Peer 1: 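Supplied in structure tokens, the structure appears directly below.
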2 protein chains.
Amino acid sequence: MAVGGTARVRRTQEARSARSRQRLLTAAAVEFATRGFAGGSVDRIARAARVNKAMIYYHFGSKAALYREILRDMFEAVSLRVGEAARGTAAPEDKIRAFVDAFATEAEARPHFPPIWFREIAEGGAHLDPATLGSMSGVLKSLGHILREGHHAGRFQPINPLLVHAGIIGPILLFFASASLRGRLERAGVPGIATVSRDDVVAHVQRVALIALEGRRRK
Amino acid sequence: MAVGGTARVRRTQEARSARSRQRLLTAAAVEFATRGFAGGSVDRIARAARVNKAMIYYHFGSKAALYREILRDMFEAVSLRVGEAARGTAAPEDKIRAFVDAFATEAEARPHFPPIWFREIAEGGAHLDPATLGSMSGVLKSLGHILREGHHAGRFQPINPLLVHAGIIGPILLFFASASLRGRLERAGVPGIATVSRDDVVAHVQRVALIALEGRRRK
DNA sequence: GTCTATAAATAGATAGAC
DNA sequence: GTCTATCTATTTATAGAC
């Protein structure tokens, strides 16, 4: 019973530790998305997570390491999801649709994702470690794989994957990151801006990507 | 001669003041693009401009006011250029091409523009004053004007301007803001990324925007 | 207009008790 | 694992001499 009690206590402490670690990650994601890496404050993160500030250094070592962990989680999840979309035996057109949908789903599920991605791009990827860089290139490679398949099947024109990539993630990131800004523009007198839904954007990007790939000739 | 001398001195001082003011604006644009508003430091801006730090407060009043001035300049210039593209009697298709080209030209001419725009979006437009908000909506309105013209002429399908807007500025901003990141990805083993040129991107975005607007039916 | 010096607040990080 | 207290550096901003 003494042993069982000790084990139970240990389990409880471990669970509490894991929970406070997770609370810090969640609070940090919000803080960094809102204020950026430099603008984010460990004091505010600790306060929002209702965890002592020293725990940030206990769990992660530094503000930069905490930030990198968030980046890693984020890009790993995206890379995984779009990788699933690229594999399998579905038609190339359906894979493009799945790629777009997976990216948008991931961007929507993690509201901090689009703003942090934008900021990281603006900073030239200053905080990206090799693992995260690997996930980023994984996204591009998955798309390149779909494009090659489609080309070999005679259904897609050869287009540089970077252009298709930019045409997909650019609008989607922009849409999700600009939610609050669109609200302000609508109130400032630009009509019909708030009526666009997530599904509208996904459908539009899917359609545009596909007709671009089909490669109908234009003068 | 005494009067002429005084006037000449005054002119020289004014010119020097205007020059140091301009130097501060240039240095601040680089600093804010690289590190963001919160991460940017007035000390570093003053040092880079080789101007005394106190002059920032003399000329602009505060770090925030200096930042807002940069935003105003930037969005005014863009709004003006795309406004020119939207006016006139050219065919709607050519106006779309001109819109895309004007936006890309402006983004390229001011390297700080894409990263600052991205950061400002991520921040929900926290630093946008009414004038700048007006310029932003002006860009959207110019595009909406072209789309309406094209629709009335029976050449464009009706599509929400926000979707077309995101499909144009998303990829272009992404391309210019990610220059250094693309270099790192290329070195990390993603081939064919550095070969894409400004003209490739502009041509691709023009083509994609137009075939989307022509509205060929897809299942 | 330009400078020096400095105020006042806040930042990231750590030592050490429990 | 968690806490308090604190160190040091850096931040924006200003007062006042010239």
Side-chain angles (χ1 to χ4, degrees), chain A residues 5-32 34-71 119 123 126-127, chain B residues 5-32 34-71 119 123 126-127:
Chain A
T6 307
R8 188 159 50 244
V9 167
R10 192 179 309 119
R11 225 173 12 249
T12 305
Q13 285 172 344
E14 279 166 11
R16 181 175 302 177
S17 175
R19 215 156 40 223
S20 80
R21 195 190 138 91
Q22 188 51 53
R23 294 175 61 82
L24 284 171
L25 280 171
T26 305
V30 174
E31 174 77 1
F32 289 136
T34 312
R35 308 184 186 247
F37 174 69
S41 142
V42 292
D43 275 281
R44 260 193 306 266
I45 291 171
R47 209 177 317 132
R50 294 199 303 274
V51 168
N52 192 276
K53 178 171 66 159
M55 296 308 291
I56 289 179
Y57 297 92
Y58 172 76
H59 279 301
F60 305 100
S62 73
K63 173 186 171 179
L66 166 58
Y67 182 67
R68 280 195 301 269
E69 178 125 347
I70 290 173
L71 289 181
R119 290 187 194 271
E123 232 139 301
H127 308 277
Chain B
T6 306
R8 189 158 51 243
V9 166
R10 192 178 310 118
R11 226 174 11 252
T12 305
Q13 285 171 343
E14 279 166 10
R16 181 176 302 177
S17 175
R19 215 156 40 223
S20 80
R21 194 190 139 91
Q22 188 51 52
R23 294 176 60 82
L24 284 171
L25 280 171
T26 305
V30 174
E31 174 77 2
F32 289 135
T34 312
R35 306 182 188 250
F37 173 71
S41 141
V42 292
D43 273 284
R44 260 194 307 266
I45 292 171
R47 209 178 317 132
R50 292 198 305 272
V51 168
N52 191 279
K53 178 173 63 161
M55 296 308 290
I56 290 179
Y57 297 92
Y58 172 76
H59 279 300
F60 305 100
S62 73
K63 173 185 171 180
L66 166 58
Y67 183 66
R68 279 195 301 270
E69 178 124 347
I70 290 174
L71 289 182
R119 290 186 196 272
E123 232 139 302
H127 307 278

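To find a chain, count down the sequence lines: A is the first, B the second, and so on, and within it residues start at 1. All figures in this text were calculated on a predicted structure; none of them were measured in a lab.
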Peer 1: Between side-chain atoms of residues 23-30 of chain B and protein atoms elsewhere (two or more places apart, or another chain), which donor-acceptor pairs fall under 3.5 Å?
Peer 2:
| residue | atom | partner | partner atom | Å |
| --- | --- | --- | --- | --- |
| B:R23 | NE | B:A49 | O | 2.8 |
| B:R23 | NH2 | B:A49 | O | 2.9 |
| B:T26 | OG1 | B:Q22 | O | 3.0 |

Peer 1: Quick one: CD1 on A:I70 to CZ on A:F60, what's the gap to the nearest 0.5 Å?
Peer 2: 7.5 Å

Peer 1: Show me the pairs that pass salt bridge (Lys or Arg N to Asp or Glu O under 4.0 Å) and involve residues 45-61 of chain A, at least two apart or across chains.
Peer 2: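 Qualifying pairs: A:D43-A:K53.
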
Peer 1: Please list, chain by chain and in numerical order, all residues satisfying side chain to side chain donor-acceptor pair (under 3.5 Å) with A:E31, sequence neighbours excluded.
Peer 2: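 Scan of A:E31 (side chain to side chain donor-acceptor pair (under 3.5 Å), adjacent residues dropped) gives A:R44.
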
Peer 1: Between B:S20 and B:V51, what is the shortest heavy-atom contact and its length?
Peer 2: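 Heavy atoms of B:S20 and B:V51 come nearest at CB-CG2, 3.8 Å.
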
Peer 1: Please tabulate, for the side chains in residues 62-69 of chain A, all donor-acceptor contacts under 3.5 angstrom to protein atoms that are two or more places apart in sequence or on a different chain.
Peer 2:
| residue | atom | partner | partner atom | Å |
| --- | --- | --- | --- | --- |
| A:S62 | OG | A:A64 | N | 3.4 |
| A:S62 | OG | A:A65 | N | 3.0 |
| A:K63 | NZ | A:F37 | O | 2.9 |
| A:K63 | NZ | A:G40 | O | 2.7 |
| A:Y67 | OH | A:E120 | OE1 | 2.6 |
| A:E69 | OE1 | A:R72 | NH2 | 3.4 |
| A:E69 | OE2 | A:R21 | NH2 | 2.4 |

Peer 1: At a cut-off of 3.5 Å, list every protein nitrogen or oxygen paired with a nitrogen or oxygen from nucleotides 11-15 of chain D, distance to 0.1 Å.
Peer 2:
| residue | atom | partner | partner atom | Å |
| --- | --- | --- | --- | --- |
| D:dT12 | OP1 | B:G40 | O | 2.9 |
| D:dT12 | OP1 | B:K63 | NZ | 3.0 |
| D:dT12 | OP2 | B:V42 | N | 3.2 |
| D:dA13 | OP2 | B:Y57 | OH | 3.2 |
| D:dA13 | OP2 | B:K63 | N | 2.9 |
| D:dA13 | N6 | B:K53 | NZ | 2.6 |

Peer 1: Using a heavy-atom cut-off of 4.0 Å to chain A, what are the terminal contacting nucleotides of DNA chain C, in 5' to 3' order?
Peer 2: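 Listed 5' to 3', the contact boundaries are C:dA11 to C:dT14.
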
Peer 1: Please convert DNA chain C into dot-bracket. A pair counts if it is Watson-Crick or G-U wobble with both distances under 3.5 Å; crossing pairs go in [ ] and bases paired with another strand get |.
Peer 2: ||||||||||.|||||||

Peer 1: State which residues pass side-chain contact (heavy atoms from CB on, under 4.5 Å) with A:Y58; sequence neighbours excluded, sorted by chain then number.
Peer 2: A:M55

